[in-house]
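In what follows, chains carry the letters A, B, and so on, assigned in the order in which the sequence lines appear, proteins first and then strands, with residues in each chain numbered from 1. Keep in mind that what you see is a predicted model, and the values were worked out from it rather than measured.
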There are 2 protein chains.
Amino acid sequence: MANSLRKLSELEGVSLGIVGKYEPCTAYRVRSELKQSPSTHWQASAGSLYPLLTRLEEEGIVATKPDKSDGRGRKLLKVTTRGRKSLKEWVATGADETHISSVTDPIRSRMFFLDVLSPAKQRTYLAVLISLMEKHLSETRTHLDEVSESGDVYGYLGSLGAMKVVEARLDWLKVVQRRLITD
Amino acid sequence: MANSLRKLSELEGVSLGIVGKYEPCTAYRVRSELKQSPSTHWQASAGSLYPLLTRLEEEGIVATKPDKSDGRGRKLLKVTTRGRKSLKEWVATGADETHISSVTDPIRSRMFFLDVLSPAKQRTYLAVLISLMEKHLSETRTHLDEVSESGDVYGYLGSLGAMKVVEARLDWLKVVQRRLITD
DNA sequence: CGATGCATGTAAGCTGTTACATGATTGC
DNA sequence: GCAATCATGTAACAGCTTACATGCATCG
């Protein structure tokens, strides 16, 4: 158990937050929450999550208790006092310039160079994108409704942000489509 | 020079696109474009870009020509025919479900767990975020105007997408702020 | 009694970062 | 002549991924 508070990585912060929300819960539960949410981009593969939580345990940020009533050897996780301090610090580091502008978008990255495709391919490409994005938007909306009904205010506000960004991206793709068709 | 077309990474694709746009140009120029643009999140550190371009050269995707009139030993880059094919393929892979939903946002990640902060700290935090985001939005708008005047249509459309996302995020933060103040 | 889901992990690798290091050119 | 910018790189490492591996529990 180290003594100084270390800066948490993104996945560490999110995972710790989930543990805190559902504690006591298993690592599996954390993973399920990450996978199920359309608002986070994390794959949260077993290969990253389990070692990550072990590390947090070694540092005294989470505490584990083996669940003896369970034959699968599962462990129940809780955030320690020290862990709650780490979590607070992680949340507070969001108000920093590097986090403001760091929203990657692989579709936008490609838009800059869309002219390498033939006009016909550009149109097909955009049509596919818009159709996929519409599907994604409706999934995001469904998820938002579910969270809304659950009464989880912060979960709702987070998911709302995800939805607004998807809406903006879809709107943008339609603008691009109109612009490239009339040319 | 390998024979089969390899899938390009994000930074490889973007860098190759930039070379294609400004060729013949130096690696330094590519790096400057990446750093200057508020629409890409890439740091494009020397430590990633130079080895990356060397790799693309070894694979016959870009061709280099030493500029003998320059004492700094700079090299001029061009996209090869083979490279243009790679670039086309990279652009076309954008229409794929994994790219649709993969927009990370460290601020949104934290919003889900904002309740770990005291109400007073939540308000301060949001106020700081909104002020930083407004500044970022105005920078993005300035950049968009510049690109617009340059006549680069695809550059404009890409930057437009970046701006729309920033607008959506700012709008979202204001909704959150109202919601948390009235509570 | 077999499929699906719960539950935990290891090994290898990809993609990018920061920090460090070097040297020439250009403009004031 | 000195500072800022141009120009290119190496070394170490952070952070996450995929692919693989294992085994119990629950439901039909």
- Contact under 4.0 Å: Thr26(B) side-chain N or O vs dC6(D) OP1/OP2: no
- Donor-acceptor under 3.5 Å (Arg110(B) side chain, Pro106(B) main chain): yes
- Leu49(B) CG to dT18(C) P: how many Å, rounded? 13 Å
- Between Leu53(B) (CG) and dG9(D) (P), how many Å, whole number? 9 Å
- Message: In whole Å, I'd like the distance from the CZ atom of Arg6(A) to the P atom of dA14(D).
- Response: 10 Å
- Task: Using the six-membered ring of Tyr22(B), assess whether NZ or CZ of Arg29(B) lies under 6.0 Å from its centre and within 45 degrees of the ring axis.
- Result: yes
- Whole-Å distance separating the CG atom of Leu16(A) from the C1' atom of dG15(D): 17 Å
- When rounded to whole Å, the CZ to C1' distance for the pair Arg74(B) and dT26(C) reads 12 Å
- Task: For the pair Ser37(A) (side chain) and Leu34(A) (backbone), establish whether a donor and an acceptor sit closer than 3.5 Å, ignoring hydrogens and angles.
- Result: no
- Item | Position toward the 5' end of DNA chain D (nearest nucleotide), Leu8(A) or Pro51(B) | Pro51(B)
- Between dC14(C) (P) and Leu52(B) (CG): distance, integer Å: 14 Å
- Query: Between Leu76(A) and Ala44(B), who's closer to the 5' end of DNA chain C by nearest nucleotide?
  - Reply: Leu76(A)
- Message: Between Arg55(B) and Glu12(B) (salt bridge meaning N to carboxylate O under 4.0 Å), is one present in this structure?
- Response: yes
- Message: If you count every heavy atom of other residues, nucleotides or ligands that lies below 6.0 Å from Glu97(B) atom CD, does the total exceed 12?
- Response: no
- Message: Expressed as a whole number of angstroms, how long is the span from Glu10(B):CD to dC16(D):C1'?
- Response: 15 Å
- Gln43(B) vs dG16(C): side-chain N/O to OP1/OP2 distance below 4.0 Å: no
- Ranking dA7(D), dT15(C), dC16(D) by distance to the side chain of Ser9(A), first place goes to dC16(D)
- Between Ser45(B) and dT17(C), does any side-chain N or O lie under 4.0 Å from OP1 or OP2? yes
- Spacing between Glu12(B) atom CD and dT15(C) atom P, to the nearest angstrom: 6 Å
- Item | Short side-chain N/O contact from Lys75(B) to OP1 or OP2 of dG9(D), under 4.0 Å | yes
- Comparing Ala46(B) and Arg55(B) on DNA chain C - which has the more 5′ nearest nucleotide: Arg55(B)
- Item | Given dT17(C), dT17(D), dT8(D), the nucleotide with the shortest approach to the side chain of Leu11(B) | dT17(C)
- Query: Salt bridge between Glu89(B) and Lys85(B), side-chain N to carboxylate O under 4.0 Å?
  - Reply: no
- Should Trp42(A) and Val166(A) be counted in the same cluster of Ile, Leu, Val, Met, Phe, Trp and Tyr side chains packed under 4.5 Å apart? yes
- Item | Sorted by number, the residues of residues 28-35 of chain A with heavy-atom contact under 4.0 Å to DNA chain D | none
